[in-house]
Participant: 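A single structure is presented below for examination.
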Amino acid sequence: MEATLKLSDTTQAASAQAPAKGKLTVGKYVSYLKKQRMTKTLKAFQALPKNKQADFVKQLQDRRVLKAFAGVQASKTKSHVKQTVRYNKAVSFVKETTVKRGVKARGWNTKMTSNFTERIYNIPVTSTTTFIKYQAKKNPTVKDVGAKVTNVNAAFGIRVADTEPDTRGQKVKLTAAVVATPKYRSAGKAALVKDHSVTGTAKAAFTSRLANR
């Protein structure tokens, strides 16, 4: 299990730490990518025309974009669902859920993985992933859970703050709290908190969701 911090500790720390003054610029973003050694993102970003680089950085620090980064998927029969939702001309959100079933032994060993990715000009910016592994039987048993965030948005520090597995009757569920803390005044003051959940049933039906609190 990949829980890192208690949510209460993270939100308190986010509130206590004031974001930097000013706003994120193209120059600051390039420096950030170089410092973090994010060479793939840096190459893709620098390949954009100057006007799109400026718009890219504008989208990064727009709270409305990060708030809109949400969605839901559900299926009773499919093992893989991928959808892309266009937010505006620059930003899109990709939702993807995968179900893998192993050999039947006291119930199918099932792993469900949910991923939501924000892309700007088709460059991945923030990706949050949760998974739950369980035995799909009459009373499902959770075997393993995990959550992680990959983030190249320099305007927000984004991390998994807490994971909470839950088993109720014929369903198992993992909810991961994802906290985004502004690093610039232009991105706002308060932290944004999202819940990323994936739910599985005894028959391997799934629901995955990313939602604001």
Side-chain angles (χ1 to χ4, degrees), residues 4-33 35-36 38 41-42 44-45 48-73 83-96 114-130 147-163 175-197 208-213:
T4 55
L5 293 172
K6 291 182 179 179
L7 180 57
S8 58
D9 295 340
T10 304
T11 50
Q12 286 173 6
S15 300
Q17 184 179 358
K21 294 181 179 180
K23 64 180 182 179
L24 181 66
T25 63
V26 170
K28 290 178 181 178
Y29 188 56
V30 169
S31 296
Y32 164 83
L33 293 176
K35 185 177 181 180
Q36 300 297 322
M38 297 173 177
T41 303
L42 176 62
F45 177 74
L48 295 173
K50 297 296 183 182
N51 63 322
K52 287 188 175 182
Q53 289 183 17
D55 187 51
F56 188 105
V57 171
K58 180 182 177 181
Q59 303 289 343
L60 285 178
Q61 54 202 316
D62 189 338
R63 288 178 69 89
R64 293 171 299 181
V65 174
L66 193 56
K67 276 191 173 182
F69 181 35
V72 62
Q73 287 189 307
Q83 301 164 306
T84 299
V85 178
R86 177 67 62 180
Y87 174 71
N88 58 31
K89 64 180 181 180
V91 179
S92 60
F93 306 134
V94 182
K95 307 178 289 183
E96 185 172 17
S114 170
N115 175 270
F116 286 80
T117 300
E118 176 192 342
R119 304 176 74 96
I120 303 177
Y121 291 114
N122 208 33
I123 299 173
V125 173
T126 301
S127 179
T128 173
T129 303
T130 58
K148 68 177 182 179
V149 168
T150 301
N151 181 51
V152 296
N153 186 343
F156 289 89
I158 305 177
R159 67 197 304 178
V160 175
D162 190 36
T163 55
T175 302
V178 179
V179 178
T181 306
K183 298 170 73 174
Y184 289 88
R185 292 288 185 188
S186 56
K189 295 181 180 180
L192 291 172
V193 183
K194 296 177 180 288
D195 285 327
H196 184 180
S197 64
S208 58
R209 187 187 308 273
L210 181 65
N212 297 302
R213 283 197 180 178

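Throughout, numbering of the chain's residues begins at 1 and tracks the sequence.
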Participant: Under the side chain to side chain donor-acceptor pair (under 3.5 Å) test, which residues partner Gln61, sequence neighbours left out?
Facilitator: Ser186
Participant: If the condition is side chain to side chain donor-acceptor pair (under 3.5 Å), which residues does Lys58 pass it with, not counting sequence neighbours?
Facilitator: none
Participant: Under the salt bridge (charged side-chain N to carboxylate O under 4.0 Å, His left out) rule, what pairs show up with a residue in residues 61-72, not counting sequence neighbours?
Facilitator: Asp62-Arg64
Participant: Thr175 and Asp195: side-chain donor and acceptor closer than 3.5 Å?
Facilitator: no
Participant: Applying side-chain contact (heavy atoms from CB on, under 4.5 Å), name anything that partners Ala154, two or more places apart in sequence or on another chain.
Facilitator: Leu24, Tyr29, Tyr32
Participant: Who passes side chain to side chain donor-acceptor pair (under 3.5 Å) against Gln53, sequence neighbours left out?
Facilitator: none
Participant: Partners of Phe116 by ring-ring contact (aromatic ring centres under 6.0 Å, His included), sequence neighbours excluded?
Facilitator: His196
Participant: Applying ring-ring contact (aromatic ring centres under 6.0 Å, His included), name anything that partners Tyr121, two or more places apart in sequence or on another chain.
Facilitator: none
Participant: Using the side-chain contact (heavy atoms from CB on, under 4.5 Å) criterion, which residues pair with Val85? Sequence neighbours excluded.
Facilitator: Lys95
Participant: Could I get the full list of side-chain contact (heavy atoms from CB on, under 4.5 Å) partners for Asn151, not counting sequence neighbours?
Facilitator: Thr126, Val149, Asn153, Ile158
Participant: Could you work out, with side-chain contact (heavy atoms from CB on, under 4.5 Å) as the rule, every residue matching Thr150, not counting sequence neighbours?
Facilitator: Ser127
Participant: If I compare all heavy atoms of Pro182 with all of Ala180, which pair ends up nearest, and what's the gap?
Facilitator: CD-O, 3.8 Å
Participant: Could you pull out all residues at least two apart from Arg119 that satisfy side chain to side chain donor-acceptor pair (under 3.5 Å)?
Facilitator: Asn122
